[in-house]
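Since the structure comes first, as structure tokens, the remarks are kept for the end.
Reckoned from all heavy atoms, side chains included, excluding hydrogens, waters and symmetry mates.
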Amino acid sequence: MTSNRTSGNRRCRDHGMALVIVLGSAALFAVLAAMMITSAQTSRIVTKVNTERSQMKYAAESALAYGQWMIMSDRRRFPNRRLGFRDIQREAVDTESWMADGKRHDVWVTDDILAHVRVLDAARGWDFSTLKAARQTRQSFAATIGDDEERRDQLDAFFDVLEDYLDGNDEPRELGMERDEYSAFGLEEFPRNDRLSLREEIYWLPNIELLIPRRDNEMEVLPQDLVRIVPPRNVGNFTGKPNVFSSSEAVIRTAAGIDGDEMVQLQECIQSWYEVQTPLEECLYLELFNKLNTRMSLRAFGVYTIEVRAGYNNGDITRRMVATLDLRNLPKDYVLYWQKITY
């Protein structure tokens with residue numbers, strides 16, 4: 001009797017252990033299956049995203065090439081490249097203008113891929129590329145700050161550092177920095193003591209934050225909207241006033257010395273130029289027009305920055321491409337690319 005009861009208890013324990021093992025194995029297989037499904041779904045999504053990003057890159061390339069061709073065609077048909085002025089030759093035909101005025105052009109690459117193309121003048125920001133250019137920019141700032149001593153001290157703190165970075169000697173200015181001062185921060189290779197190679201170098205320098213407009217502790221504008229691109233060393237003649245239509249608000253207010261109300265009026269007149277080609281001299285009051293026409297440029301320089309953002313019409317995935325190209329030597333010579341960046 002006792003032997004039968006012991007045998008029965010052993011069988012129950014064996015059955016219980018087997019059930020635990022079966023359930024544990026089933027749970028493990030379920031987890032593995034879920035992991036495999038999740039991994040497969042993730043791989044599928046990543047593959048889809050990478051494929052669509054590649055498609056958007058090719059779409060942006062296509063829109064960039066289209067924009068380049070349209071600029072070249074527009075230059076050939078309409079030699080007058082003044083911006084904001086009436087062009088009788090252009091008014092005689094019903095065609096979209098491709099000028100360096102920042103207007104957005106919508107280009108359908110395929111039935112469901114739309115690219116937004118903007119053409120800007122490359123001479124559109126503060127020029128810090130050489131010592132001479134930096135000094136001219138410093139004078140432009142100084143002419144617009146009036147009696148604001150605090151702002152003047154901020155500008156001196158930045159431009160003294162910048163000019164020491166660009167000049168060819170080791171004598172520091174009053175608020176500047178030379179090799180000994182940089183070495184104290186562990187920057188033994190600074191300063192360059194030569195022209196900039198890239199405009200992004202400007203953001204390495206101390207006190208640059210005193211120059212950049214900020215809002216809520218964040219940069220209000222992109223760096224490329226503030227600082228002019230540095231041309232290749234074998235390219236000359238890229239000095240001049242910033243272009244009104246291509247420059248950011250911060251650059252316009254500094255270069256032209258205009259206030260907030262004048263800036264609003266200018267933006268409204270630029271929009272009217274985009275829509276119905278209203279000349280600036282007919283839209284702006286005379287004093288403001290003269291400020292802009294005297295202190296800034298209303299003519300395309302011949303070096304263009306083309307900005308492209310391509311994506312599906314629903315906006316799920318987009319790619320951005322920016323290229324700067326020199327068309328001044330056409331048609332007798334060649335197109336010279338200064339930069340081409342895909343984001």
Side-chain angles (χ1 to χ4, degrees), residues 56-84 90 95-107 109 114-130 133 195-202 222-248 251 274 296-310 318-343:
M56 291 309 104
K57 179 182 178 182
Y58 296 134
E61 287 268 12
S62 178
L64 178 66
Y66 178 80
Q68 177 181 327
W69 171 255
M70 293 304 294
I71 295 170
M72 294 165 61
S73 175
D74 196 87
R75 283 167 53 92
R76 185 171 58 252
R77 295 182 62 189
F78 307 105
N80 183 3
R81 309 312 292 173
R82 297 179 75 192
L83 300 168
R90 192 180 292 273
T95 183
E96 184 179 21
S97 64
W98 284 76
M99 303 182 72
D101 56 8
K103 179 182 178 181
R104 193 184 83 176
H105 304 269
D106 292 337
V107 177
V109 181
L114 176 64
H116 301 307
V117 183
R118 294 178 68 224
V119 182
L120 302 164
D121 196 314
R124 65 187 182 113
W126 299 321
D127 189 358
F128 301 131
S129 57
T130 64
R195 71 189 294 273
L196 298 181
S197 292
L198 300 170
R199 64 178 160 193
E200 286 75 15
E201 287 181 63
I202 204 71
L222 297 174
Q224 58 264 33
D225 292 331
L226 288 176
V227 182
R228 185 177 305 187
I229 187 172
V230 177
R233 283 188 176 269
N234 60 338
V235 173
N237 189 25
F238 190 59
T239 60
K241 303 170 184 176
N243 185 282
V244 172
F245 282 84
S246 298
S247 296
S248 66
V251 173
Y274 291 160
M296 300 188 71
S297 173
L298 289 170
R299 181 183 293 276
F301 192 80
V303 182
Y304 297 86
T305 293
I306 306 176
E307 295 183 351
V308 177
R309 185 178 295 276
T318 63
R319 295 296 295 273
R320 181 168 173 261
M321 185 172 291
V322 178
T324 298
L325 53 153
D326 189 344
L327 302 181
R328 291 176 294 175
N329 294 322
L330 293 179
K332 60 183 179 181
D333 210 333
Y334 50 84
V335 176
L336 176 63
Y337 273 87
W338 288 11
Q339 70 166 4
K340 187 176 181 182
I341 305 173
T342 303
Y343 297 91

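Within the 3.5 Å criterion, the main-chain N or O of Ser246 finds no donor-acceptor partner in the side chain of Asp121. Within the 3.5 Å criterion, the main-chain N or O of Arg104 finds no donor-acceptor partner in the side chain of Tyr274. A distance-only check finds no donor-acceptor pair linking the side chain of Arg309 to the backbone of Ala115 [under 3.5 Å]. Of the possible polar contacts, none joining the Ser62 side chain to the Tyr58 backbone as a donor-acceptor pair under 3.5 Å is found. Listed for the Arg118 side chain is a donor-acceptor partner under 3.5 Å among the backbone atoms of Gly102. With hydrogens and angles ignored, the 3.5 Å screen pairs a side-chain donor or acceptor of Ser247 with a backbone N or O of Arg124.
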Given the rule in the side chain to side chain contact (heavy atoms under 4.5 Å, CB included) test, do Met70 and Val117 qualify, once you have shown the distances and angles that lead to the verdict? CA-CA 11 Å; Met70 293 304 294; Val117 183; over 6 Å; no
Go through the steps to decide whether Glu201 and Val230 satisfy the test side chain to side chain contact (heavy atoms under 4.5 Å, CB included), and finish with yes or no. CA-CA 10 Å; Glu201 287 181 63; Val230 177; over 6 Å; no
Starting from the C-alpha separation in whole Å, work towards a yes-or-no answer on side chain to side chain contact (heavy atoms under 4.5 Å, CB included) for Val244 and Leu83. CA-CA 9 Å; Val244 172; Leu83 300 168; over 6 Å; no
Between Phe245 and Leu120, does a side chain to side chain contact (heavy atoms under 4.5 Å, CB included) hold up when you go through it step by step? CA-CA 8 Å; Phe245 282 84; Leu120 302 164; over 6 Å; no
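Lys241 contributes atom NZ, which lies 12.5 Å from atom CZ of Arg299 (distance to the nearest 0.5 angstrom). In this structure, Met321 CE and Tyr343 OH are separated by 11.0 Å, a value rounded to the nearest 0.5 Å. Between atom OG1 of residue Thr342 and atom CE of residue Met56 there is a gap of 13.5 Å, rounded to the nearest 0.5 Å. With rounding to the nearest 0.5 Å, the separation of CZ in Phe128 from CG in Leu196 is 9.5 Å. Between atom NE2 of residue His116 and atom CG of residue Asp106 there is a gap of 5.5 Å, rounded to the nearest 0.5 Å.
Closest of all the heavy-atom pairs between Ile306 and Gly67 is CD1-C, 4.3 Å. Contact detail for Ser248 and Leu226: the closest heavy-atom pair is OG-CD2, 4.1 Å. Here the closest heavy-atom approach between residue Val109 and residue Ala59 is recorded as CG2-O, 3.8 Å.
Using a 4.5 Å heavy-atom threshold, the side chains of Gln68 and Tyr337 count as touching. Ser129 places none of its side-chain heavy atoms less than 4.5 Å from the side chain of Arg228. Phe301 has its side chain out of reach of Asn243: every pair of non-hydrogen atoms, C-beta onward, lies at least 4.5 Å apart.
In this structure, Tyr66 and Trp98 have perpendicular ring planes: the angle between them is above 60°, well past the 30° mark.
The pair Asp326-Arg328 meets the salt-bridge criterion, with a side-chain N (NZ, NE, NH1 or NH2) lying under 4.0 Å from an Asp/Glu carboxylate O.
For Gln339, the side chain to side chain contact (heavy atoms under 4.5 Å, CB included) criterion is met by Arg199, Ile229, Val322, Thr324, Ile341, not counting sequence neighbours. Annotation: side chain to side chain donor-acceptor pair (under 3.5 Å) contacts of Arg81 (sequence neighbours excluded): Asp74. Residues satisfying the salt bridge (charged side-chain N to carboxylate O under 4.0 Å, His left out) test with Lys57, not counting sequence neighbours, are none.
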